[in-house]
Amino acid sequence: QVQLVESGGALVQAGGSLRVSCIASRRTASTYAMGWFRQAPGKEREFVVAISYGGTHTYYADAVKGRFTISRDNANNTVYLQMNNLKPEDTALYYCAARGVTWPSGRENDYLYWGQGTQVTVSS
């Protein structure tokens, strides 16, 4: 079992930047592909970005390409999501997820472990 805890969510103005983090409870999580998903009020949860266990392969949703960057620090069991040029439509609860295998995926059902989420709100 892997516990994931997100942090760093905040209220920011449009055009601003924010970095959210996800720390895993077990070192073995460093061998897992990790992903970020988000859920806006009244909408289904959607894929944002994923990264392979070694950090060499990443996969971004079109809506965030060029603005968001995922990275990981396996020595500290942590995954980061740097969000730049934030837009009001980025407002959502952001979830960290771990796959249990090394290769990233954009499919929600491919992820075994989930955090509780961190709220990002972008004001216009």
Side-chain angles (χ1 to χ4, degrees):
Q1 189 72 13
V2 175
Q3 279 77 47
L4 303 173
V5 178
E6 302 96 334
S7 63
L11 170 65
V12 297
Q13 289 189 332
S17 297
L18 189 67
R19 189 178 79 163
V20 294
S21 304
C22 170
I23 187 165
S25 62
R26 290 178 59 185
R27 189 156 188 89
T28 52
S30 65
T31 65
Y32 297 162
M34 302 291 292
W36 286 95
F37 291 76
R38 66 186 182 186
Q39 186 168 21
K43 295 187 177 181
E44 293 186 352
R45 189 156 56 185
E46 65 176 5
F47 169 73
V48 177
V49 60
I51 188 168
S52 62
Y53 83 100
T56 56
H57 292 84
T58 55
Y59 175 35
Y60 289 87
D62 289 343
V64 305
K65 278 182 182 176
R67 300 188 299 121
F68 290 13
T69 303
I70 189 171
S71 62
R72 64 189 300 163
D73 177 358
N74 286 343
N76 292 298
N77 302 335
T78 304
V79 177
Y80 302 99
L81 179 63
Q82 176 68 43
M83 300 180 286
N84 298 328
N85 190 22
L86 282 159
K87 304 175 181 180
E89 52 263 43
D90 295 318
T91 294
L93 188 61
Y94 282 71
Y95 295 93
C96 174
R99 270 207 76 185
V101 297
T102 60
W103 201 253
S105 168
R107 299 194 305 174
E108 185 174 335
N109 290 342
D110 286 343
Y111 289 81
L112 297 179
Y113 308 106
W114 292 83
Q116 295 300 307
T118 186
Q119 180 66 41
V120 174
T121 303
V122 184
S123 63
S124 57

How long is the straight-line distance from [atom2] of [Y] back to [atom1] of [X], given to the nearest 0.5 Å?
{"X": "Q39", "Y": "L93", "atom1": "CD", "atom2": "CG", "answer": "7.5 Å"}
{"X": "E89", "Y": "S124", "atom1": "CD", "atom2": "OG", "answer": "10.0 Å"}
{"X": "Y59", "Y": "W103", "atom1": "OH", "atom2": "CH2", "answer": "12.5 Å"}
{"X": "F37", "Y": "R45", "atom1": "CZ", "atom2": "CZ", "answer": "7.5 Å"}
{"X": "S21", "Y": "R72", "atom1": "OG", "atom2": "CZ", "answer": "13.5 Å"}
{"X": "Q116", "Y": "C96", "atom1": "CD", "atom2": "SG", "answer": "11.5 Å"}

For the student: nearest non-hydrogen atoms of [X] and [Y], plus distance:
{"X": "S17", "Y": "N85", "value": "OG-N, 4.3 Å"}
{"X": "A92", "Y": "Q119", "value": "O-NE2, 3.3 Å"}
{"X": "R19", "Y": "Q82", "value": "CB-OE1, 3.4 Å"}
{"X": "Y95", "Y": "E6", "value": "CA-OE2, 3.4 Å"}
{"X": "A40", "Y": "T91", "value": "CB-O, 3.6 Å"}
{"X": "M83", "Y": "V20", "value": "CE-CG1, 3.9 Å"}

Does the separation of the ring centres of Y53 and Y32 fall below 6.0 angstrom?
-> no
Checking side-chain contact (heavy atoms from CB on, under 4.5 Å) for the pair R67/D90: CA distance, chi angles, key distance, verdict?
-> CA-CA 11 Å; R67 300 188 299 121; D90 295 318; 2.7 Å; yes
Would you find a donor on one side and an acceptor on the other, under 3.5 Å apart, between the side chain of T78 and the backbone of N76?
-> yes
Does the pair T69 and Y80 meet the rule for a side-chain contact (heavy atoms from CB on, under 4.5 Å), with working shown?
-> CA-CA 8 Å; T69 303; Y80 302 99; over 6 Å; no
Among side-chain atoms of N109 and R107, is any donor-acceptor pair under 3.5 angstrom?
-> no
Among V64, T118, V49, L81, side chain to side chain contact (heavy atoms under 4.5 Å, CB included) partner for R38 = V64
